[in-house]
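Below: the structure, in structure tokens.
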Amino acid sequence: MDLDEFRRSLDDWLDQNEHDLRADPAAKDTLDDQMAQLAKVKRLTYEAGFMRRGWPERVGGLGGSSLLRAYLGEALTSRGLVEPGIYSLTEVLAPTMIDYARPELAATMVPRLLRGDETWCQGFSEPGTGSNLASLSCRATRTEDGWSVTGQKVWTSLAQYADRCVLLTRTGDADSAHRGITALFVDMDSPGIVVRPIETMHGAPEFSEVFFDGVVVPFERTLGEEGQGWSVAMDLLPYERSTALWHRAAYLQQRLGSLLQAAPPGELEPADVGEVAQLLYALRARSRSTQRRLAAGERLGPETSIDKVLVATAEQAVFDLVADGLATGVAVGDDPASERWRREFLYSRAATIYGGTAEIQRNIIARRLLDLGSDR
Ligand SMILES: Cc1cc2nc3c(=O)[nH]c(=O)nc-3n(C[C@H](O)[C@H](O)[C@H](O)COP(=O)(O)OP(=O)(O)OC[C@H]3O[C@@H](n4cnc5c(N)ncnc54)[C@H](O)[C@@H]3O)c2cc1C
């Protein structure tokens, strides 16, 4: 199926099934509500075949270009059917499983994620190890029963909902840096795991601390080979900055449109609106070419840091404009629409942190793309 055909049939189907796909009007739009809504939309789109397009047949997909996935996420986020941040984890974690898990494991697990039966999380950051990921210390040691994992992760999005975790562990000695890292696919109900949610400033327990104490992980759950975890991480991060960002751009475009309708006449400076529209346009143009390169089978790399800088800049600009145009509502409004705008404004501050901070992205652009000096 080509993109135009997919687009037409998906749009028709979404129009016809709008009622079943919409969130329960009684729901309060809490994180629990958003997770339940995501699971429902994934199940319905999977059963109708749309969620399976663009994924390989060996993991339950129906094949076809990754552009189909880009359009599905665009349609779902811009119609407000799913929250883009929680939807994006599928685009980040499923390709990594497909590339690095043993084929039988990927074939069993990926359909569960696509169908919305399961949630997965990404256990990379640790206290003291965010930007400097190669210094992570959560340790996995070999035992007769498999890996034994002990250590701590932090800022793990959706860990309290997650059935599985793509976890980076240290298997080499303490000084082995990026050479001594191994990626594991861990069942979150394994004995020895404790998840403690942390509330963000926008008022949702979106991420957690996760503690591992002698957690046994079978060797066949190793992603790639022992010591190859750095490659897993470096291949995963570009996914975090490709299709998922196309979806986020669609959501931002939709929220800008809603702002223009909601702002009282004269509240927004036309020049400010124009500037934000330009930033969004630049983001979409850049992300469009990234989607095309991904679909053509190119391996994505550090150049996706440009996409991440653009999305963070555009997101904060959109919500700065919201804070200008709907100032009272954002500051003190207690109706559901104002509460949503306030939540989104606060969340937009995190756009320069998650997925690698703005400073780190600019370092990558300067050093690896523009050759403006080495890392040391
Ligand atoms: C909403 C949200 C969701 C997240 N979800 C996840 C998740 O699911 N899984 C996960 O593993 N992590 C997640 N994170 C964590 C995120 O990846 C880290 O916060 C991020 O990588 C930064 O690491 P840090 O917080 O340790 O900050 P640090 O690395 O300590 O950085 C602190 C400050 O110093 C700056 N800095 C650090 N090093 C340099 C340098 N070399 N040059 C210039 N400036 C530098 C940074 O830019 C930043 O401003 C999430 C974070 C947020 C906000």
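All ligand and atom numbering here is 1-based and tracks the order in the structure. Please read these numbers as outputs of a predicted model, since none were measured by experiment.
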Distances only, to 0.1 Å: what are the N or O pairs between ligand 1 and the protein that fall under 3.5 Å?
residue  : atom   : partner : partner atom : Å
ligand 1 : 5 (N)  : Trp155  : O            : 3.0
ligand 1 : 5 (N)  : Ser157  : OG           : 2.8
ligand 1 : 8 (O)  : Ser157  : N            : 2.9
ligand 1 : 8 (O)  : Ser157  : OG           : 3.3
ligand 1 : 9 (N)  : Gln122  : O            : 2.7
ligand 1 : 11 (O) : Gln122  : O            : 3.4
ligand 1 : 11 (O) : Phe124  : N            : 3.0
ligand 1 : 11 (O) : Ser125  : N            : 2.7
ligand 1 : 11 (O) : Ser125  : OG           : 3.2
ligand 1 : 12 (N) : Ser125  : OG           : 2.8
ligand 1 : 17 (O) : Ser125  : OG           : 3.4
ligand 1 : 23 (O) : Ser131  : N            : 3.4
ligand 1 : 26 (O) : Gly130  : N            : 3.4
ligand 1 : 29 (O) : Ser131  : N            : 3.0
ligand 1 : 29 (O) : Ser131  : OG           : 2.5
ligand 1 : 42 (N) : Asn363  : ND2          : 3.0
ligand 1 : 47 (O) : Thr357  : OG1          : 2.6
ligand 1 : 47 (O) : Glu359  : OE1          : 2.6
ligand 1 : 49 (O) : Glu359  : OE1          : 3.4

Does the pair [X]/[Y] count as a salt bridge with the N-to-O cut at 4.0 Å?
{"X": "Glu344", "Y": "Arg340", "result": "yes"}
{"X": "Glu47", "Y": "Arg115", "result": "yes"}
{"X": "Arg343", "Y": "Asp29", "result": "yes"}

Residues Tyr354, Trp155; criterion ring-ring contact (aromatic ring centres under 6.0 Å, His included); working and verdict: CA-CA 9 Å; Tyr354 59 70; Trp155 317 128; over 10 Å; no

Modelled atom types, side-chain donor and acceptor of Trp147 and Thr222, under 3.5 Å: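 A donor-acceptor contact under 3.5 Å links the two side chains.
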
Would you say the side-chain atoms of Asp99 and Thr96 include a donor-acceptor pair closer than 3.5 Å?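 No, Thr96 and Asp99 have no side-chain donor paired with an acceptor closer than 3.5 Å.
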
